[in-house]
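Notes follow once the structure below has been shown.
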Amino acid sequence: YEMYLFYSGLAAIRTKIDIFSNAKVFQTYAHTNNSGFSIKLEDGNGGHAYVIVNPGTSSINYNVDGTYTLICNGTTAGVTSLGTCSGNVSIPARSVYIMVSSNLLPN
């Protein structure tokens, strides 16, 4: 049931936050390191999002430029805030973080 809720939350992110389903995304940046990878999305209207994947067995640190709303922390996903992230963010082992600028969240 917990996995069902997690995947339902990921589906909600994809369908309710345009930057994840809109073909008009302005720019995408990908970064890889020895432990994982990240994707930064920009929509050209001030919207930004990060998807950071850590498949490794230990946490990794990732530096984000600005303050973002965390909507996926590896165990919970959805379109409601799980907190905010800025600066150096620690991504736990075997998890995915999804962060968006607050202007992308549905009303």
Side-chain angles (χ1 to χ4, degrees):
Y1 182 71
E2 290 174 8
M3 186 178 291
Y4 166 78
L5 292 176
F6 182 73
Y7 281 105
S8 294
L10 290 176
I13 289 170
R14 176 141 165 72
T15 59
K16 294 183 179 181
I17 300 178
D18 287 341
I19 200 167
F20 294 110
S21 61
N22 190 340
K24 296 178 185 177
V25 169
F26 182 63
Q27 291 184 354
T28 303
Y29 306 95
H31 169 75
T32 58
N33 62 27
N34 294 335
S35 300
F37 67 92
S38 66
I39 300 169
K40 181 180 180 186
L41 303 161
E42 295 181 5
D43 67 2
N45 295 317
H48 298 86
Y50 278 98
V51 177
I52 305 170
V53 179
N54 179 9
T57 57
S58 59
S59 65
I60 60 172
N61 292 317
Y62 193 86
N63 194 31
V64 296
D65 60 345
T67 300
Y68 294 87
T69 302
L70 181 66
I71 56 173
C72 175
N73 64 6
T75 58
T76 303
V79 294
T80 58
S81 175
L82 300 174
T84 58
C85 296
S86 62
N88 195 12
V89 179
S90 179
I91 312 299
R94 296 186 178 114
S95 65
V96 175
Y97 266 33
I98 301 174
M99 298 172 274
V100 297
S101 53
S102 60
N103 63 329
L104 294 178
L105 293 173
N107 296 328

Would you mind writing out the side-chain donor-acceptor pairs for residues 76-91 within the sub-3.5 Å range, not counting sequence neighbours?
residue, atom, partner, partner atom, Å
Ser81, OG, Gly83, N, 3.0
Ser81, OG, Gly83, O, 3.4

Distance-only criterion, 3.5 Å: show the donor-acceptor pairs between side-chain atoms of residues 9-16 and protein atoms not counting sequence neighbours.
residue, atom, partner, partner atom, Å
Arg14, NH1, Phe20, O, 2.7
Thr15, OG1, Ala11, O, 3.1
Thr15, OG1, Ala12, O, 3.4

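Nearest heavy-atom pair, Ser95 versus Gly74, reported as atom, atom and distance to 0.1 Å: CB-CA, 3.9 Å.
Once rounded to the nearest 0.5 Å, the distance linking CG of Asn45 with OG of Ser101 reads 10.5 Å. Expressed to the nearest 0.5 Å, how far CG of Leu104 lies from CD1 of Ile17 amounts to 7.0 Å.
Shown here are the side-chain contact (heavy atoms from CB on, under 4.5 Å) partners of Val96, two or more places apart in sequence or in another chain: Val51, Val53, Ile98. Not counting sequence neighbours, the partners of Leu5 by the side-chain contact (heavy atoms from CB on, under 4.5 Å) test are Tyr1. Taking Tyr68 as the reference, Tyr50 meet the ring-ring contact (aromatic ring centres under 6.0 Å, His included) condition, with sequence neighbours excluded.
Screening residues 77-107 for ring-ring contact (aromatic ring centres under 6.0 Å, His included), with sequence neighbours left out, gives no hits.
Checked by atom type and distance alone, the side chain of Asn54 pairs as donor or acceptor with a backbone atom of Pro92 at under 3.5 Å.
Counting heavy atoms from C-beta on, the side chains of Pro55 and Phe37 never come closer than 4.5 Å. The shortest side-chain heavy-atom distance between Leu105 and Ile71 falls under the 4.5 Å cut-off. Residues His48 and Asp65 have side chains not in contact (no heavy-atom distance under 4.5 Å, counting atoms from C-beta outward).
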Report task. Please step through side chain to side chain donor-acceptor pair (under 3.5 Å) for the pair Thr75 and Asn73, ending with a clear verdict. Result -> CA-CA 6 Å; Thr75 58; Asn73 64 6; 3.1 Å; yes
